Number of protein chains: 2
Amino acid sequence: MAEGVRARRKAERPGEILQAAFEEFVDRGYAATRLEDVAARAGVTKGTIYFYFETKENLFVTMVRELSRPIHEEMEGFLADHNGTTREFVRAYLGFIYKVIAEDAHFREILRLLIAEAHRFPALVDEHDERCGTPIMEHLRQRLEEGANRGEIRSAGSLDYPQIILGPALSLSVIMLLFSDRKPVDVERYFEAHVDLVLNGLLPRNGEVS
Amino acid sequence: MAEGVRARRKAERPGEILQAAFEEFVDRGYAATRLEDVAARAGVTKGTIYFYFETKENLFVTMVRELSRPIHEEMEGFLADHNGTTREFVRAYLGFIYKVIAEDAHFREILRLLIAEAHRFPALVDEHDERCGTPIMEHLRQRLEEGANRGEIRSAGSLDYPQIILGPALSLSVIMLLFSDRKPVDVERYFEAHVDLVLNGLLPRNGEVS
DNA sequence: ATTCATTGACTATCGAGTTAGTCAATTTTG
DNA sequence: CAAAATTGACTAACTCGATAGTCAATGAAT
């Protein structure tokens with residue numbers, strides 16, 4: 001029977017260890033993290049980690065993969081759902097992104113780890129990009145292209161680089177990573193300012209009174 | 001006499017060690033960097049490092065401080081020099097930023113180290129911000145405010161958050177940090193698309209033919 | 001002769017990975 | 001059903017290579 005105490009423990013342990021590993025890796029970085037501390041945080045001993053994971057590298061890679069999965073799924077879900085004018089779409093999309101950035105420390109911290117360890121784990125960066133980055137960018141690009149074809153937005157050069165449109169949101173992530181809570185940002189205002197810039201630009205619109 | 005071989009060596013050693021430290025820290029991150037390797041790269045032995053620097057932490061902090069100084073000075077110099085309409089200023093300023101990002105690996109790699117080690121060295125992040133980040137942002141903000149007062153640009157919310165305007169450039173830095181040369185970007189086109197977005201936005205301009 | 005930048009051998013510690021052993025949960029047997 | 005046998009998640013104590021930091025000795029420059 002798979003209903004025993006053993007089966008349940010075996011099913012839950014890896015996740016518990018992964019969560020503990022996430023917290024330690026985020027605090028200390030890959031190299032400075034001690035597997036003993038991960039074990040202590042998960043309420044086991046170091047040997048148990050090696051029962052479930054081959055090596056420290058393997059633990060790290062698996063952790064990034066598993067903990068970024070829900071974020072990835074949430075994003076794809078949003079893109080699949082949303083309709084409306086391009087203008088509405090851009091606003092809703094950025095709003096969604098800001099919700100993730102501001103509320104989900106996982107997203108930010110995974111980003112930190114990928115940036116910090118990009119040299120040591122290039123394959124992990126690429127894998128993450130192929131699974132999350134590229135498809136989402138491509139999806140956004142397509143939506144914008146359609147909007148341009150319908151004449152709802154200009155066919156600007158930034159349509160080829162969705163990163164440009166999302167850039168200010170990434171900026172906020174980096175600020176939050178650098179300063180934690182030492183430099184609080186009014187995310188709501190920042191978000192509105194971002195949407196306004198992306199839609200209207202800095203130059204005065206015709207007939208607009210500044 | 002200050003013209004002896006000793007004096008020259010003593011004057012140059014710290015810089016040589018700092019440069020070697022930069023390269024090793026960038027490749028391996030703070031914790032994984034071995035002082036023996038730094039020494040070897042600088043052409044000395046480990047003891048010599050301890051003759052000039054108290055500890056590994058001290059070496060790291062000094063390195064970030066010293067190697068970010070020229071970037072900082074270059075930026076301040078640019079801001080002090082430049083005049084012209086706000087529109088021209090924005091273009092020139094972004095152009096300058098992109099030159100730094102694209103050509104100066106120091107800038108990007110310092111950013112990587114600050115993000116990676118923000119938890120371990122919060123004071124270093126704050127110091128760096130006070131010396132480089134805040135003044136430059138404030139300077140940019142003022143220029144834009146003046147432009148808005150003169151009616152050259154809209155008084156948009158993003159004027160209060162210059163990070164929003166620079167965000168896409170930071171985006172490019174992060175992309176370059178993550179992918180090194182595995183995902184080359186056409187910086188010239190990216191730059192033009194960025195300037196266009198910031199000035200014109202996505203929505204069609206009155207009387208414009210898409 | 002003296003100074004002092006530099007060396008390199010040293011210590012002390014740390015931490016990844018290993019392994020023999022434990023004991024509760026399960027399965028088998030009488 | 002109860003006792004015995006087996007399993008397997010988990011532990012504790014280990015190895016061993018590595019590395020931050022120290023310091024007495026060196027030898028070139030003055």
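A note on names: the letters A, B, ... follow the listed sequences, proteins ahead of strands, and every chain is numbered from 1. Just so it is clear, the model here is predicted, and its values are computed rather than measured. Just so it is clear, the values below take in all heavy atoms, side chains as well, and ignore hydrogens, waters and symmetry mates.
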(request) For B:Phe53, answer base if it contacts any base atom (sugar-phosphate contacts may also be present), sugar-phosphate if it contacts only those atoms, and nothing otherwise; contact means non-hydrogen atoms under 4.0 Å. (result) nothing

(message) Let's test your reading of the pairing rules: Watson-Crick or G-U wobble, both distances under 3.5 Å, then write DNA chain D as a dot-bracket string with ( ), [ ], | and dots.
(response) ||||||||||||||||||||||||||||||

(message) Could you tell me how far apart A:Ile17 (CD1) and D:dA9 (P) are, to the nearest whole angstrom?
(response) 12 Å

(message) Under 3.5 Å, is there a donor on one side chain and an acceptor on the other for B:His194 and B:Tyr98?
(response) yes

(request) Look at the side-chain N and O atoms of A:Arg13 and state whether any lies under 4.0 Å from the OP1 or OP2 oxygen of D:dC10. (result) yes

(message) Measuring from the side chain of B:Phe51 (C-beta onward, heavy atoms only), which nucleotide among C:dA16, D:dG21, C:dC4 has the closest atom?
(response) C:dC4

(message) Using only modelled atom types and a 3.5 angstrom limit, is any donor from either the side chain of B:Lys46 or the base of D:dA20 paired with an acceptor on the other?
(response) yes

(message) Starting the side chain at C-beta, find the nucleotide from C:dT6, C:dA16, D:dA9 nearest to B:Thr48.
(response) C:dT6

(message) With heavy-atom distances below 4.5 Å as the criterion, would you say the side chains of A:Pro135 and A:Glu130 are in contact?
(response) no

(message) Could you tell me how far apart B:Ile49 (CD1) and C:dG8 (P) are, to the nearest whole angstrom?
(response) 14 Å

(message) Rounding to an integer number of Å, can you tell me how far A:Asn58 CG sits from C:dG17 P?
(response) 10 Å

(message) Are more than 12 heavy atoms, taken from residues, nucleotides or ligands other than B:Arg131, located less than 6.0 Å from that residue's CZ atom?
(response) yes

(message) Using the side-chain heavy atoms of A:Thr45, tell me which of these nucleotides is nearest: C:dA16, D:dT11, D:dA9.
(response) D:dT11

(message) Here's one to test your reading of the geometry: is the NZ or CZ of B:Lys46 within 45 degrees of the ring axis of B:Phe51 and under 6.0 Å from its centre?
(response) no

(message) What is the distance, to the nearest angstrom, from the CG atom on B:Leu59 to the P atom on D:dG21?
(response) 10 Å

(message) Within the 4.5 Å heavy-atom criterion, are B:His139 and B:Glu76 side-chain neighbours or not?
(response) no

(request) Return the value, rounded to whole Å, for the distance between atom CD of A:Glu54 and atom C1' of C:dT18. (result) 13 Å

(request) Step through it carefully: locate the ring centre of A:His106, locate the ring centre of A:Phe22, and say whether they are under 6.0 Å apart. (result) yes

(message) Tell me if the NZ atom of B:Lys183 is crowded by more than 12 foreign heavy atoms within 6.0 Å.
(response) yes

(request) Side-chain contact test, heavy atoms from C-beta onward, threshold under 4.5 Å: evaluate it for A:His119 versus B:Val26 and give yes or no. (result) yes

(request) Residues of residues 24-38 of chain B with any non-hydrogen atom less than 4.0 angstrom from an atom of DNA chain C: list those, numerically ordered, please. (result) none

(request) Could you check if a side-chain atom of A:Arg41 sits within less than 4.5 angstrom of a side-chain atom of A:Asp27, using non-hydrogen atoms only? (result) yes

(message) Please report the distance, rounded to the nearest Å, between OH in B:Tyr52 and C1' in D:dG21.
(response) 18 Å

(message) Tell me the interatomic distance from B:Glu12, atom CD, to C:dA5, atom C1', rounded to whole angstroms.
(response) 14 Å

(message) What is the distance, to the nearest angstrom, from the CD atom on A:Glu16 to the P atom on D:dA9?
(response) 14 Å

